[in-house]
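The shown structure was predicted, so the numbers you read here are calculated from the model rather than taken from an experiment. Position 1 is the first residue of the sequence; numbering continues from there.
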Amino acid sequence: MISIPSPDHVRNEPSLRRLIKAVLMDWMRKIDRGRIPIHIARQRGMMRLIPGKHFHLNPELFLQLSGETVFEFPEEKFRVGAGSLCIVPRGIPHYERVRPWRGPFYNLVFMYGGQDVSCHLADEQPRGRPHGRIATNLHATMGTPLRSTLDEACHLYHLHNDARSLGLKGLLLAHFTLLLKSLEGWSEPQAPEPFKISQARLMIMRQLPNPDLSVAWLAKQLQCNVDYLSQLFRKTTGSPLLPYINKHRLLRAQDLLTNSSLNIAEISQAAGFRDPSYFTRFFHQQTGQTPRAYRSNG
């Protein structure tokens with residue numbers, strides 16, 4: 001029997017790591033016995049801009065610890081209760097509502113980008129929206145196989161053949177094993193990252209399509225002074241905050257230009273730029289190519 005720390009007591013990265021490890025070990029045993037309800041959205045309507053919904057360029061994994069999450073997609077909606085697992089495939093527009101149900105709302109959310117994997121513990125903020133309480137990076141060197149196992153699980157889940165159940169179980173067990181391996185590769189930072197910086201990183205990645213995302217907007221959300229946040233971010237990461245935001249907006253735009261059929265104006269909007277003309281100038285300034293030329297050369 002594995003003792004799982006209470007999410008209520010998670011206040012820093014070491015305590016979050018202990019929670020992640022305990023949950024992964026416990027859920028691997030339950031997956032092997034077929035005791036974890038699994039929800040995976042259908043891969044329809046990929047890379048579409050839908051008002052009120054957002055999409056990510058890589059799949060997301062949700063482990064519902066307590067409470068309930070309601071996921072809304074273009075063509076379906078389902079509820080994910082405590083002890084259930086949900087995968088949102090890459091590029092699927094969605095919206096999440098959360099609520100306490102037989103306990104407070106908590107889930108663990110794994111996000112995949114490049115070779116790194118990040119995980120955050122979410123609780124409920126006002127009006128039934130999930131709120132990243134604390135986040136950490138696994139610094140995985142296995143980002144590609146981790147994404148691949150989730151992509152394959154998304155494909156297999158909606159097939160109807162004899163291999164579906166065993167194949168899905170195998171993929172999820174492999175995925176959890178790689179996450180545990182990444183977790184064990186963590187080293188304690190000499191100076192733990194300040195909580196506000198962890199929150200800022202998380203907000204940036206989740207809010208990239210939001211045209212209001214800026215240093216001032218982040219400072220307001222984090223209830224701190226703009227100069228304080230800018231100086232703390234630069235001191236902690238070595239990067240000024242605004243260029244960090246713009247770098248990730250550029251990476252999102254490049255990915256969409258390569259892997260989606262969205263037009264330039266839609267990509268501009270999906271990367272958080274209000275004005276497509278400004279987006280084109282910014283993109284050319286950063287890459288030496290226009291977005292259209294970048295797509296053609298890709």
Side-chain angles (χ1 to χ4, degrees), residues 41 43-62 69-75 86-98 109-114 116-118 120 122 125 127-132 135 147 198-222 229 233 239 241-287 291-292 294-295:
Q43 292 178 280
R44 295 176 179 170
M46 294 179 66
M47 304 290 188
R48 284 167 51 196
L49 297 180
I50 299 177
K53 292 182 172 61
H54 64 280
F55 66 83
H56 299 284
L57 300 178
N58 293 298
E60 289 183 288
L61 171 65
F62 296 80
T69 304
V70 178
F71 288 90
E72 298 181 10
F73 303 95
E75 299 180 11
C86 174
I87 301 174
V88 176
R90 65 174 70 212
I92 302 300
H94 61 283
Y95 177 80
E96 305 147 48
R97 291 184 290 111
V98 306
V109 184
F110 292 85
M111 302 180 70
Y112 306 81
D116 291 337
V117 179
S118 66
H120 68 265
Q125 69 177 16
R127 298 181 298 279
R129 295 290 297 142
H131 169 72
R147 290 195 304 274
S198 297
Q199 289 294 91
R201 288 182 189 272
L202 176 60
M203 284 187 180
I204 290 167
M205 297 312 297
R206 295 190 71 86
Q207 294 289 331
L208 279 176
N210 180 0
D212 292 327
L213 175 62
S214 64
V215 177
W217 184 90
L218 280 171
K220 182 178 180 181
Q221 302 303 309
L222 296 171
L229 180 62
F233 193 91
S239 169
L241 184 47
L242 183 57
Y244 181 89
I245 295 171
N246 288 336
K247 169 189 171 183
H248 285 282
R249 280 191 159 139
L250 178 64
L251 290 172
R252 181 178 176 89
Q254 290 174 314
D255 202 325
L256 289 169
L257 285 165
T258 302
N259 299 306
S260 82
S261 59
L262 295 176
N263 62 41
I264 303 302
E266 290 171 330
I267 289 173
S268 170
Q269 182 180 344
F273 295 89
R274 281 194 174 89
D275 180 4
S277 297
Y278 172 76
F279 164 66
T280 297
R281 293 195 301 274
F282 173 81
F283 193 94
H284 185 271
Q285 181 185 42
Q286 298 297 315
T287 67
R292 200 173 304 280
Y294 183 89
R295 170 173 272 173

Under 6.0 Å from the ring centre and within 45 degrees of the ring axis: does the NZ or CZ of R48 meet both conditions for the six-membered ring of F73? no

Does the side chain of F55 reach to within under 4.5 Å of the side chain of I92, using non-hydrogen atoms? no

Heavy-atom check, side chain of R281 versus side chain of S277, under 4.5 Å: yes

Return the orientation label for the H94 and H56 ring planes: parallel under 30°, perpendicular over 60°, tilted otherwise. tilted

Measure the spacing between OG of S260 and CD1 of I267 and express it to the nearest 0.5 Å. 4.5 Å

Does the side chain of Y95 come within less than 4.5 Å of I50's, by heavy atoms? no

D212 and W217 have their tightest heavy-atom pair at O-CB, 3.1 Å

Side chain to side chain contact (heavy atoms under 4.5 Å, CB included), that's the test. Do R249 and L213 meet it? Break it down for me. CA-CA 10 Å; R249 280 191 159 139; L213 175 62; 3.4 Å; yes

Would you indicate whether the side-chain heavy atoms of F283 and L257 approach each other to under 4.5 Å? yes

N/O donor-acceptor pair under 3.5 Å between Q221 side chain and L218 backbone: no

About how many Å separate CZ of F233 and OH of Y244, when rounded to the nearest 0.5 Å? 5.0 Å

Rounded distance (nearest 0.5 Å) linking atom CZ of R97 with atom CD of E72: 5.0 Å

Closest approach of P89 to A41 (non-hydrogen atoms, all atoms of both residues): CG-O, 3.4 Å

Check whether T258 reaches the backbone of Q254 with its side chain - one donor and one acceptor, N or O, closer than 3.5 Å. yes

Looking only at non-hydrogen atoms, find the nearest pair between L222 and A200 and report the distance. CD1-CB, 4.0 Å

So L256 and R295, do their side chains get closer than 4.5 Å, heavy atoms only? no

Measure across P93 and G45 and return the closest heavy-atom pair with its distance rounded to 0.1 Å. CD-O, 3.1 Å

Do V88 and F71 come close enough that some side-chain heavy atom pair is under 4.5 Å? yes

Give the minimum heavy-atom separation between R252 and P209, together with the two atoms involved. NH2-CG, 3.7 Å

Can you confirm whether K247 sits close enough to L251 that some side-chain heavy atom of one is under 4.5 Å from a side-chain heavy atom of the other? yes

Give a yes or no on whether R129 atom CZ has more than 12 heavy-atom contacts from other residues, nucleotides or ligands under 6.0 Å away. yes

Is there a side-chain contact between L57 and N259 (heavy atoms, below 4.5 Å)? no

Rounded distance [0.5 Å steps], CG in L208 versus CG in L250: 11.0 Å

Of all heavy-atom pairs linking P59 and Y112, the shortest is O-CD1, 3.1 Å

Hey, could you give me the CD1/CZ distance between I87 and F110, rounded to the nearest 0.5 Å? 12.0 Å

Say you draw a straight line from NE2 of H120 to CD of Q199; how long is it, rounded to the nearest 0.5 Å? 9.0 Å

